[in-house]
2 protein chains.
Amino acid sequence: MGKSDATSVNRKEEIISAAIEVFAEIGYYRATTAQVAQRAKISQPYIFRFFSTKEALLLAALEVSWTRVIDSFHKVMESGLSEQLEPDLIRAYEDILDSYRNETLLQMQAQTIQEDSIREAMRKGFGEVHRIVLDAFQGAGIPNPQERATMFLARGMLCNISSALDMPELMGK
Amino acid sequence: MGKSDATSVNRKEEIISAAIEVFAEIGYYRATTAQVAQRAKISQPYIFRFFSTKEALLLAALEVSWTRVIDSFHKVMESGLSEQLEPDLIRAYEDILDSYRNETLLQMQAQTIQEDSIREAMRKGFGEVHRIVLDAFQGAGIPNPQERATMFLARGMLCNISSALDMPELMGK
DNA sequence: ACTATAAGTAATTGATGAATCACTAACTAG
DNA sequence: CTAGTTAGTGATTCATCAATTACTTATAGT
């Protein structure tokens, strides 16, 4: 299998990557499957061989984006000293925002989508991240872990907005 | 002029109110002007007597939502003691989230819309709220006002998400 | 009554988009 | 070789929607 080999799994991942870009740039509802297909360099109908609906494609894209955050936080916890735990987590999240801005933009969009399946995916993602951070803070013996976990998430959410609107001043200069 | 009198200004406000509801519930791009019209109990084309485009209607709706927050914060600052300033501002924002949830959902949507005019409106709204909070904290002699203002906004943004996804546990139980 | 203007709508238009269908080309196992 | 499977596309379908047009009804001033 050479690098240009197009396995079914590769195609699926390529489509998801294209969808993350296009959905983030154009907006999920406004973006068309034709635009996603063009970005993925395939024909529009071929998307539906891998995803039964546009919404299924969005769900797959969200799954990728949440896995990104969760895996990153797990890595920090495994390898880090518990004294610098919070700054390490902050840095990890900022790195994701730098490198995978589109995934964050997609998550932000999905926060207000009312379809049950999307809401469930978002609840699961947020819930798991919250649980991980809370466990980490408790395990590290940080005082008021509940409140600190909330403020950690809160800072992250403002960070998202500051990035999305290109307003660095919101994060206190 | 009785209460059922339909002045041009009233109609405009009614349309904006209907748009806030429909856009928040359905999503701006997915919502149709026909749905807004139905909610406002007018015909679909009549919307375009007041707003030249769907986007102009969104801008008007965002204007209303930001004015809501800004006016509320101003009122807190005028009438409140500076010792309880921060909790008063928090309560004021929570009241808005309770009473005007749709306006917040609309703002959340607009955070990721890439059209220049929308981004500009969002920057203006966020910028003004940030300025007000920062001025208030500085005026009240709160230490580290910059950082405290950032954390105030951050908490508000997580509060939005917690409300939108119906996840009260995110705010630390 | 009469005319101007405001309030409002039905019908249409032109464009667009998700999803399906019908098909072709390339590879693979026996 | 050939029968079956995988990869892929062009053309079409059916629905939808923002925006326009052309029209009707009501109101107010003279």
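These values consider heavy atoms only, across backbone and side chains, with no hydrogens, waters or symmetry-generated copies. A quick note: this is a predicted structure, and the numbers were derived from the prediction, not measured. First the proteins, then the strands, lettered A, B, ... as listed; each starts at 1.
- Taking each heavy atom of A:I16 and A:A61 in turn, the nearest pair found is CG2-CA, 3.9 Å.
- Using a 4.0 Å heavy-atom distance criterion, B:A37 is classed as making no nucleic acid contact.
- Between B:S43 and C:dG8 there is no side-chain N or O to OP1 or OP2 distance below 4.0 Å.
- Taking for each of A:A31 and A:R49 the nucleotide of DNA chain C with the nearest heavy atom, the 5'-most of the two is the partner of A:A31.
- In summary, B:E86 and B:R155 do not engage in a salt bridge, as defined by a charged side-chain N under 4.0 Å from a carboxylate O.
- For B:Y46, taking side-chain heavy atoms from C-beta onward, the closest of the listed nucleotides D:dA19, C:dA22, C:dA7 is C:dA7.
- Looking at B:T67, B:V69, B:I70 one by one, the single match for side chain to side chain contact (heavy atoms under 4.5 Å, CB included) with B:E128 turns out to be B:I70.
- Cation-pi contact between A:K54 and A:Y29: absent, since separation from the ring centre below 6.0 Å together with deviation from the ring axis within 45° is not met.
- For C:dT16, the OP1/OP2 oxygens have no side-chain nitrogen or oxygen of A:R30 closer than 4.0 Å.
- Following rounding to the nearest Å, A:Q44 (CD) and D:dA7 (P) show an atom-to-atom distance of 19 Å.
- Atom CD in A:Q35 sits roughly 16 Å away from atom C1' in C:dA19 (whole-Å rounding).
- Spacing between atom CD1 of B:I47 and atom C1' of C:dT9 amounts to 13 Å, rounded to whole angstrom units.
- Atom CZ of B:F50 is separated from atom P of D:dA19 by 16 Å (rounded to the nearest Å).
- Backbone-only contact: A:T53 has heavy atoms under 4.0 Å from sugar-phosphate atoms and none from a base.
- Checking C:dG8, C:dT9, D:dT20 against every side-chain atom of B:P45, the shortest atom distance belongs to D:dT20.
- The distance from atom CG of B:L57 to atom P of D:dA19 is 10 Å, rounded to the nearest whole Å.
- Put simply, B:T33 has a side-chain N or O that comes within less than 4.0 Å of OP1 or OP2 on D:dA18.
- Distances from the side chain of B:T32 to the nucleotides C:dA19, D:dC17, D:dA19 place D:dC17 closest.
- In this structure, a donor-acceptor pair under 3.5 Å is present between the side chains of A:Q107 and A:S65.
- A straight line from CZ of B:R11 to C1' of C:dA6 spans 12 Å, rounded to a whole angstrom.
- Going from atom CZ of A:F51 over to atom P of D:dG8 covers 14 Å, rounded to whole Å.
- Going from atom NZ of B:K54 over to atom P of D:dT16 covers 15 Å, rounded to whole Å.
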